[in-house]
Peer 1: 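I'd like to ask you about the structure that follows.
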Amino acid sequence: MNSLRTASAATRNSKRTRRRMFAIMAAALVLALLVTAGFAFLRLQGNISVSALRASDSEIPDSSEGLSVLVLGSDSRDFSSTGFGSDTGSRRSDSMLLVHVSPGNERIEAIQIPRDTVMQLPACADTGSGSYAGGYGMINSALNYGPACSVAAVEALTAVRLDHFIEVDFEGFISIIDALGGIKVCLAQPMSDPKANLDLPAGRQELDGTDALALARTRHAVGDGSDLARLGNQQKVMSAIVQRATSKEVLARPDRLYSFLDATTSSMTVDPQLSSLQDLASLAARIKEVPTDKIVFMTMPNQPAPSNANRVVPAPDAALIFDRIKRGIPVNPGSDSASGTTATEKPASRKLPLSIVNGAQVSGLAGQFANDATKQGYTVISIATAATLQAQTKMLIPDTDDARSTAAAFAKAMNLDIKATVAEVESIELILGQDYQDLERPEKKPVQLNSRNADQDLCG
């Protein structure tokens with residue numbers, strides 16, 4: 001009996017010992033994880049480089065009105081690799097992206113600003129890269145005087161106040177793509193450009209960081225070899241990055257996720273208000289809330305510069321886009337595709353012909369409206385000039401259902417805040433008065449854009 005009690009006690013002591021050992025091991029494991037996490041936190045925090053957003057600016061952005069971030073891809077060659085040309089000491093923005101996160105995190109609109117855009121560059125105070133007196137030149141050259149100078153140039157161009165900037169150089173871009181495990185792309189045809197170290201077959205494929213950078217930078221393998229020709233490839237690469245970074249292949253792999261965070265923070269220069277991991281995590285959390293089908297990359301509408309056909313300036317629609325960004329409304333409301341066609345417009349509501357009368361006595365006004373109406377698919381049977389000056393714009397229609405539906409659709413297509421009046425007329429008559437400009441509703445006008453949704457099939 002005593003031997004049984006002794007054995008039982010020994011068993012209980014053994015179990016207690018194992019429990020204590022398990023508790024000690026568990027505590028040691030938790031401590032190791034905390035130490036490792038702390039080391040990782042400190043390392044990631046120590047990776048981040050900081051530069052001024054403005055020469056003197058302590059203002060904290062009001063994110064309730066949306067957030068605007070300038071993303072700069074620097075062509076600085078001051079690093080180990082020699083595959084991108086020799087270091088000339090210059091530092092230009094090879095790509096510029098104005099990223100706007102809307103109020104409520106409902107959408108992201110990322111507008112590419114062509115590097116060949118010319119403008120009157122503002123003067124820049126010294127923020128560590130020297131001062132600049134200002135002058136006429138290409139917007140990408142502003143980065144020679146630091147990110148704050150690029151911020152000032154983009155604010156002057158767009159009239160959008162920027163809350164943050166993020167700068168990434170060539171080598172950093174490569175590291176980020178490699179940390180993701182590469183990105184998937186789809187090419188309609190083979191692409192070769194020895195100057196960009198690019199040689200890719202057609203079809204679906206996976207690219208490492210070096211090839212992804214070459215695809216984003218190549219000029220000579222696309223279109224006319226201009227800066228504008230390669231912007232479509234850059235949209236495809238950016239979409240591929242979004243798709244990869246939000247995939248389970250990254251989010252469910254702690255090793256890959258850490259490598260991605262390490263590469264990203266090591267590659268970035270940011271403004272002081274974005275310089276802590278908490279700040280970056282807060283921005284990332286906002287971006288994560290936006291569905292990928294609500295992330296749109298688009299090119300700033302542009303046209304050849306009057307002084308140089310090889311350079312560009314903003315087209316009239318660019319001001320419309322930037323104004324919508326400032327007001328926090330969708331850049332292309334009612335648009336269901338990159339072409340800017342409205343989802344609610346139907347050819348069936350364009351049955352009746354139109355007559356347009358210039359009552360404002362503005363030369364060519366009726367013809368301009370007629371051209372716009374024809375582009376929208378309407379039939380204009382006559383244009384005329386009114387015998388007397390008309391103060392108010394009117395739209396007269398016959399008393400039929402077809403006339404009402406056609407008039408309503410036409411007013412919407414032309415962005416005119418006007419209601420039709422039944423009159424003794426045979427066709428729909430638009431009589432343009434002196435107030436015709438006051439009737440425009442630019443906030444609802446779709447814009448013709450070169451754009452791509454982040455969730456779009458990469459072969460599309």
Side-chain angles (χ1 to χ4, degrees), residues 49-61 67-78 87-100 110-170 226-228 231 268-275 299-326:
S49 298
V50 182
S51 185
L53 180 69
R54 295 181 179 85
S56 58
D57 187 4
S58 59
E59 180 182 343
I60 298 176
L67 211 60
S68 293
V69 182
L70 178 62
V71 180
L72 299 165
S74 168
D75 71 354
S76 169
R77 294 165 173 82
D78 184 19
D87 181 14
T88 62
S90 67
R91 182 183 175 205
R92 297 160 300 182
S93 45
D94 197 60
S95 61
M96 305 182 78
L97 199 65
L98 173 55
V99 179
H100 181 73
I111 298 139
Q112 297 166 292
I113 299 174
R115 58 170 286 169
D116 290 347
T117 300
V118 289
M119 61 176 291
Q120 187 66 35
L121 296 167
C124 303
D126 188 357
T127 57
S129 301
S131 61
Y132 176 54
Y136 191 77
M138 285 170 54
I139 194 169
N140 69 331
S141 66
L143 190 57
N144 275 314
Y145 303 94
C149 200
S150 289
V151 167
V154 171
E155 288 185 333
L157 179 76
T158 67
V160 174
R161 183 171 176 81
L162 296 171
D163 302 300
H164 299 294
F165 82 84
I166 298 172
E167 179 189 350
V168 180
D169 63 26
F170 285 173
S226 69
D227 176 56
L228 296 176
L231 295 181
M268 293 193 310
T269 299
V270 299
D271 63 272
Q273 297 290 350
L274 204 57
S275 60
T299 301
M300 178 190 81
N302 58 83
Q303 60 193 24
S307 59
N308 186 341
N310 294 319
R311 301 289 181 259
V312 300
V313 293
D317 274 345
L320 184 60
I321 285 176
F322 295 134
D323 180 63
R324 289 172 180 172
I325 289 290
K326 285 194 298 182

Peer 1: Kindly say whether L231 contributes a backbone atom to a donor-acceptor pair with the side chain of Q112 at under 3.5 angstrom?
Peer 2: yes

Peer 1: Mind running side-chain contact (heavy atoms from CB on, under 4.5 Å) on M96 and T117 for me, showing each step along the way?
Peer 2: CA-CA 11 Å; M96 305 182 78; T117 300; over 6 Å; no

Peer 1: Between F322 and I111, is there a side-chain heavy-atom distance shorter than 4.5 Å?
Peer 2: yes

Peer 1: What residues form a side chain to side chain contact (heavy atoms under 4.5 Å, CB included) with A305, not counting sequence neighbours?
Peer 2: V118, S307, R311, V313

Peer 1: So, taking the atom named NE2 in H164 and the one named CG in L274, what distance separates them when rounded to the nearest 0.5 Å?
Peer 2: 5.0 Å

Peer 1: Looking at V69, is its backbone amide N or carbonyl O close enough to the side chain of D163 to form a donor-acceptor pair, meaning the two atoms are under 3.5 Å apart?
Peer 2: no

Peer 1: Rounded to the nearest 0.5 Å, what separates atom CG in D94 from atom CG in N140?
Peer 2: 8.0 Å

Peer 1: With distance as the sole test, does D271 use its side chain to make a donor-acceptor pair with the main-chain N or O of F165 at under 3.5 Å?
Peer 2: yes

Peer 1: Show your working on side-chain contact (heavy atoms from CB on, under 4.5 Å) between Q273 and L53 and close with a plain yes or no.
Peer 2: CA-CA 9 Å; Q273 297 290 350; L53 180 69; over 6 Å; no

Peer 1: Going by the rule side-chain hydrogen bond (donor to acceptor under 3.5 Å, both in side chains), which residues pair with D323 if we only count those two or more places apart in sequence or in a different chain?
Peer 2: R327

Peer 1: Report yes if the side chains of N310 and D116 come closer than 4.5 Å at any heavy-atom pair, otherwise no.
Peer 2: no

Peer 1: Look at the side chain of N302 and the backbone N and O of M300, then say whether any donor-acceptor pair between them is shorter than 3.5 Å.
Peer 2: yes

Peer 1: Measuring only between side-chain heavy atoms, which start at C-beta, is L143 closer than 4.5 Å to E167?
Peer 2: yes

Peer 1: Atom OG1 in T269, atom CG in L72: separation rounded to 0.5 Å?
Peer 2: 10.0 Å

Peer 1: Suppose the criterion is side-chain hydrogen bond (donor to acceptor under 3.5 Å, both in side chains): which pairs have a residue in residues 149-158, not counting sequence neighbours?
Peer 2: R54-E155

